[in-house]
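Throughout, protein chains are lettered first and strands after them, A, B, ... in sequence-line order, and every chain is numbered starting at 1.
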Amino acid sequence: AQKVTQAQTEISVVEKEDVTLDCVYETRDTTYYLFWYKQPPSGELVFLIRRNSFDEQNEISGRYSWNFQKSTSSFNFTITASQVVDSAVYFCALSDVYSSASKIIFGSGTRLSIRP
Amino acid sequence: GAVVSQHPSWVICKSGTSVKIECRSLDFQATTMFWYRQFPKQSLMLMATSNEGSKATYEQGVEKDKFLINHASLTLSTLTVTSAHPEDSSFYICSARNYYNEQFFGPGTRLTVL
């Protein structure tokens, strides 16, 4: 069975601090996708990244970076120099690749608050 | 880019009535659409998967007679909450998958049952 664990339920930091959101996953599939989504108070999900399990390279996009460690089944997300606008709930998620269903399974989310 | 819309964005109804929520892929054809439910301060839970022209596949614990899903075309899926009750109040989010196995989420529909 697939499972995504986000152990941090809430994080609060002061603006400009760096913050890392943890994500640990379980799957029996050898090929899978990992995702991060942002959900601001409006509720609409904002797609941040999709990573194929074949690609273990870390990724950087502006202030955002992702660390994929297959050996520890982790896909952590770091925000550098956080800003108030980063305040939101962040979800890590997992799906298989080849199944006709390709359901996305979400973690429980981490509520991030950035204090001015 | 790929856009998925939902209508309505919010709805308030009386207990016992039925509510229909539409999910449309605006600029692509969706081979599969998914319906999620999110209670306050909780995660998204998959309710069902629907493929165009066939019956939906429901997740364990989701009542198929209460949550009717119709996927009549490659761009439209509807979720009907029948005989809604206050415990059905939630945020309902759909997603649509294209031929490249990419999924795009709608903006969600907030349902409040009085």
Query raised in the report: Hey, mind stepping through Ile104(A) and Arg97(B) against side chain to side chain contact (heavy atoms under 4.5 Å, CB included) and telling me if it holds?
Result: CA-CA 11 Å; Ile104(A) 295 181; Arg97(B) 186 180 70 175; over 6 Å; no

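- Heavy-atom neighbours of chain A within the stretch residues 65-81 of chain B, taken at a separation under 4.5 angstrom, are nonexistent.
- Phe35(A) and Phe68(A) fall into different hydrophobic clusters, where Ile, Leu, Val, Met, Phe, Trp and Tyr side chains are chained together by heavy-atom contacts under 4.5 Å.
- Of all non-hydrogen atoms in Lys103(A) and Leu46(B), the two that sit nearest each other are CD-CD2, 3.1 Å.
- Atom NE2 of His85(B) has more than 12 heavy atoms from other residues, nucleotides or ligands within 6.0 Å.
- Scanning both residues, Ser108(A) and Ser43(B), for their nearest heavy atoms gives CA-CB, 3.8 Å.
- Looking at heavy atoms from C-beta onward, Ile105(A) lies out of side-chain contact with Met45(B) at the 4.5 angstrom threshold.
- By the criterion of side-chain heavy atoms lying less than 4.5 angstrom apart, applied directly or through intervening Ile, Leu, Val, Met, Phe, Trp or Tyr residues, Phe106(A) is not grouped with Trp35(B); the two fall into different hydrophobic clusters.
- Ile21(B) and Phe34(B) are assigned to two separate hydrophobic clusters, defined by single-linkage of ILVMFWY side chains at heavy-atom distances under 4.5 Å.
- Contacts between Gln6(A) and chain B at a heavy-atom distance below 4.5 Å are absent for every atom of the residue.
- A centroid separation of 6.0 Å or more is found between the aromatic rings of Phe104(B) and Phe47(A).
- Here Phe91(B) contributes atom CZ and Glu44(A) contributes atom CD; the two are 8.0 Å apart, rounded to the nearest 0.5 Å.
- Within 6.0 Å of the NZ atom in Lys70(A), the count of heavy atoms belonging to other residues, nucleotides or ligands exceeds 12.
- When all heavy atoms of Leu44(B) and Leu45(A) are compared, the pair lying nearest together is CD2-CD1, 3.6 Å.
- Of the atoms belonging to Tyr33(A), it is side-chain heavy atoms, and not backbone ones, that fall under 4.5 Å from chain B.
- No path of Ile, Leu, Val, Met, Phe, Trp and Tyr side chains, each step under 4.5 Å between heavy atoms, connects Phe77(A) with Val24(A), placing them in separate hydrophobic clusters.
- Taking a 6.0 Å sphere around CD of Glu87(B), one finds it holds more than 12 heavy atoms contributed by other residues, nucleotides or ligands.
- Minimum interatomic distance between Phe91(A) and Gln38(B) (heavy atoms only, all atoms of both residues): CZ-NE2, 3.6 Å.
- Applying the 6.0 Å contact sphere to CD1 of Ile60(A) captures no more than 12 heavy atoms from other residues, nucleotides or ligands.
- The neighbour count for Tyr99(B) OH, taken as heavy atoms of other residues, nucleotides or ligands under 6.0 Å away, is above 12.
- Cluster membership for Phe105(B) and Val4(B), using ILVMFWY side-chain heavy atoms within less than 4.5 angstrom, is not shared.
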